[in-house]
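Report on the following structure.
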Amino acid sequence: MAEISTIEIQVISQEYVTAIKNNKSKAYFFFKRLFAIVTSLLAIIILSPVLLITAFAVWISSKGPAIYKDLRIGKGGKHINVYKFRSMVIDADNLDKYLNDEQKEQWIKERKIKNDPRITKVGRFIRKTAIDELPQLFNILKGDIAIVGTRPITTKEFANYSKEEIQLLTSTRPGLTGYWQVYKQGKTAYQSGDRQKMDIEYFERRSLLFDLKLIFLTIPALIKRGGAE
């Protein structure tokens with residue numbers, strides 16, 4: 001398990017973790033999963049032309065596969081591959097080749113940097129329009145992630161959370177969209193501690209109505225921030 005972060009964040013007790021885990025009925029999780037299956041299947045069918053055209057555009061514009069598999073942590077601490085259209089060069093993991101020391105430090109801490117030189121021309125467009133996230137519809141259908149929840153994080157990102165918070169994050173499926181993504185447009189940094197607080201607050205506020213609200217607010221949030229950085 002990851003060490004507790006030195007960042008000043010909201011530390012919660014084990015008793016509080018247990019209370020939040022148990023604050024939802026089985027009906028909530030049943031209808032949330034049923035809605036996810038039906039919605040993701042319909043979206044895949046309706047958006048199939050967009051999926052095919054994007055896959056072809058990514059494939060012919062730069063060397064490498066059209067789909068990128070991003071290793072993340074899912075429910076129960078299980079490793080999952082989160083699917084995305086590849087928006088970076090094939091050797092993007094070679095940080096020394098593309099990033100300076102400051103950029104590398106920011107990437108390691110936040111998993112994002114401004115004006116990332118590894119992003120391709122097609123990649124920049126599909127990020128701004130959030131099209132790069134569409135393959136995650138298959139993750140939703142499979143049950144790896146939910147439509148709404150906290151974003152799936154990497155093992156390295158565990159260092160930003162306390163042990164109790166990690167237990168809470170891994171107690172349910174992560175989501176394609178969520179509280180942090182909608183209200184902070186994905187720009188809140190770990191370093192401030194705000195993202196961690198919002199992740200925990202989602203668990204406190206979650207309900208079918210709140211989840212639906214976040215779904216409806218996702219599109220205007222994407223338009224407002226101009227897509228992912």
Side-chain angles (χ1 to χ4, degrees), residues 17 20-52 54-55 66-87 111 126-127 129-154 157 165-186 195 198-223 225 227-228:
V17 169
I20 296 179
K21 283 181 180 179
N22 297 332
N23 73 346
K24 287 291 127 191
S25 66
K26 290 183 179 179
Y28 166 76
F29 295 107
F30 173 79
F31 285 110
K32 183 173 182 175
R33 179 63 187 142
L34 180 62
F35 179 79
I37 292 171
V38 173
T39 304
S40 61
L41 184 58
L42 286 174
I44 289 169
I45 295 171
I46 293 169
L47 296 173
S48 57
V50 177
L51 293 167
L52 292 172
T54 304
I67 299 296
Y68 173 72
K69 296 178 181 179
D70 196 6
L71 189 64
R72 299 290 177 120
I73 305 299
K75 183 179 178 181
K78 177 185 175 183
H79 285 87
I80 58 174
N81 284 311
V82 174
Y83 306 135
K84 292 184 178 184
F85 283 121
R86 182 175 55 82
S87 59
R111 294 287 295 179
I126 62 176
R127 282 192 172 206
T129 54
I131 291 174
D132 67 316
E133 306 274 358
L134 289 181
Q136 289 173 51
L137 290 168
F138 292 96
N139 285 118
I140 295 172
L141 188 61
K142 285 173 57 183
D144 294 332
I145 64 175
I147 296 177
V148 179
T150 56
R151 283 295 286 163
I153 61 176
T154 65
E157 287 176 290
E165 288 165 336
I166 292 170
Q167 289 180 29
L168 189 57
L169 288 174
T170 57
S171 67
T172 189
R173 293 181 181 92
L176 174 63
T177 188
Y179 187 45
W180 165 68
Q181 297 94 312
V182 167
Y183 285 97
K184 291 296 183 178
Q185 288 86 52
R195 175 168 174 176
M198 291 188 76
D199 282 343
I200 302 307
E201 189 174 345
Y202 167 71
F203 282 96
E204 296 171 342
R205 300 183 61 180
R206 64 182 175 176
S207 68
L208 290 175
L209 285 178
F210 188 60
D211 287 352
L212 284 173
K213 179 182 177 180
L214 293 177
I215 291 171
F216 285 119
L217 289 175
T218 295
I219 293 178
L222 286 172
I223 294 172
R225 73 182 173 103

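Everything numeric in this text was worked out from a predicted model, so none of it was measured.
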*Sequence neighbours left out, what passes salt bridge (Lys or Arg N to Asp or Glu O under 4.0 Å) with Lys69? Give chain and number order.*
none
_Leu51 vs Phe85, side-chain contact (heavy atoms from CB on, under 4.5 Å): CA-CA, chis, key distance, verdict_ = CA-CA 9 Å; Leu51 293 167; Phe85 283 121; 3.9 Å; yes
*Any Thr170 side-chain heavy atom under 4.5 Å of Ile73 side chain*: yes
*Spell out, as yes or no, whether a donor-acceptor pair under 3.5 Å connects the side chain of Lys75 to the backbone of Ile145.*
no
Would you be so kind as to tabulate the donor-acceptor pairs closer than 3.5 Å made by side chains of residues 38-50, with sequence neighbours excluded?
unit_1, atom_1, unit_2, atom_2, d
Thr39, OG1, Phe35, O, 2.7
Ser40, OG, Ala36, O, 2.7
Ser40, OG, Ile37, O, 3.2
Ser48, OG, Ile45, O, 2.9

*Which heavy atom of Ile126 sits nearest a heavy atom of Arg86, and at what distance?*
CD1-O, 4.1 Å
*Nearest heavy-atom neighbours spanning Gly175 and Pro152*: O-CD, 3.5 Å
*Report yes if the side chains of Ile153 and Arg195 come closer than 4.5 Å at any heavy-atom pair, otherwise no.*
yes
*Any chance you could lay out the side-chain contact (heavy atoms from CB on, under 4.5 Å) test for Arg173 and Lys32, step after step, and finish with the verdict?*
CA-CA 11 Å; Arg173 293 181 181 92; Lys32 183 173 182 175; over 6 Å; no
*Check the side chains of Asp211 and Tyr28 for a donor-acceptor pair under 3.5 angstrom, ignoring hydrogens and angles.*
yes
*Heavy-atom side-chain proximity of Thr172 to Arg206 below 4.5 angstrom*: yes
*Go through the steps for Asp144 and Val82 under the test side-chain contact (heavy atoms from CB on, under 4.5 Å), then give the verdict.*
CA-CA 8 Å; Asp144 294 332; Val82 174; over 6 Å; no
*asked:* Quiz question: by atom type and distance under 3.5 Å, do the side chains of Arg72 and Thr154 form a donor-acceptor pair?
replied: no
*Apply the test side-chain contact (heavy atoms from CB on, under 4.5 Å) to residues Leu71 and His79: give CA-CA distance (whole Å), side-chain angles for both, the deciding distance (0.1 Å), then the verdict.*
CA-CA 7 Å; Leu71 189 64; His79 285 87; 3.9 Å; yes
*Tyr68 versus Asp132: any side-chain heavy-atom pair under 4.5 Å?*
no
*In Å, rounded to the nearest 0.5 Å, how long is the span from CD of Gln136 to CD1 of Ile147?*
12.0 Å
*Considering only NZ, NE, NH1 and NH2 on the basic side and carboxylate oxygens on the acidic side, decide whether Arg151 and Glu133 come within less than 4.0 Å.*
yes
*Just by modelled atom types, is the Leu169 backbone N or O under 3.5 Å from a matching donor or acceptor in the Asp199 side chain?*
no
*asked:* Could you measure the distance from the NZ atom of Lys24 to the CG atom of Leu208? Nearest 0.5 Å is fine.
replied: 7.5 Å
*For Phe210, all residues meeting ring-ring contact (aromatic ring centres under 6.0 Å, His included), sequence neighbours excluded*: Tyr179
*To the nearest 0.5 Å, what is the distance between CD (Gln181) and OG1 (Thr150)?*
8.0 Å
*Crowding at CD1, Ile219 (>12 non-hydrogen neighbours, <6.0 Å)*: no
_Interatomic distance, Phe31 atom CZ to Lys26 atom NZ [nearest 0.5 angstrom]_ = 14.0 Å
*Considering non-hydrogen atoms only, spot the tightest contact between Phe203 and Leu168 and give its length.*
CZ-O, 3.4 Å
*Would a distance-only check, ignoring hydrogens and angles, find a side-chain to backbone donor-acceptor pair under 3.5 Å from Asp70 to Tyr83?*
no
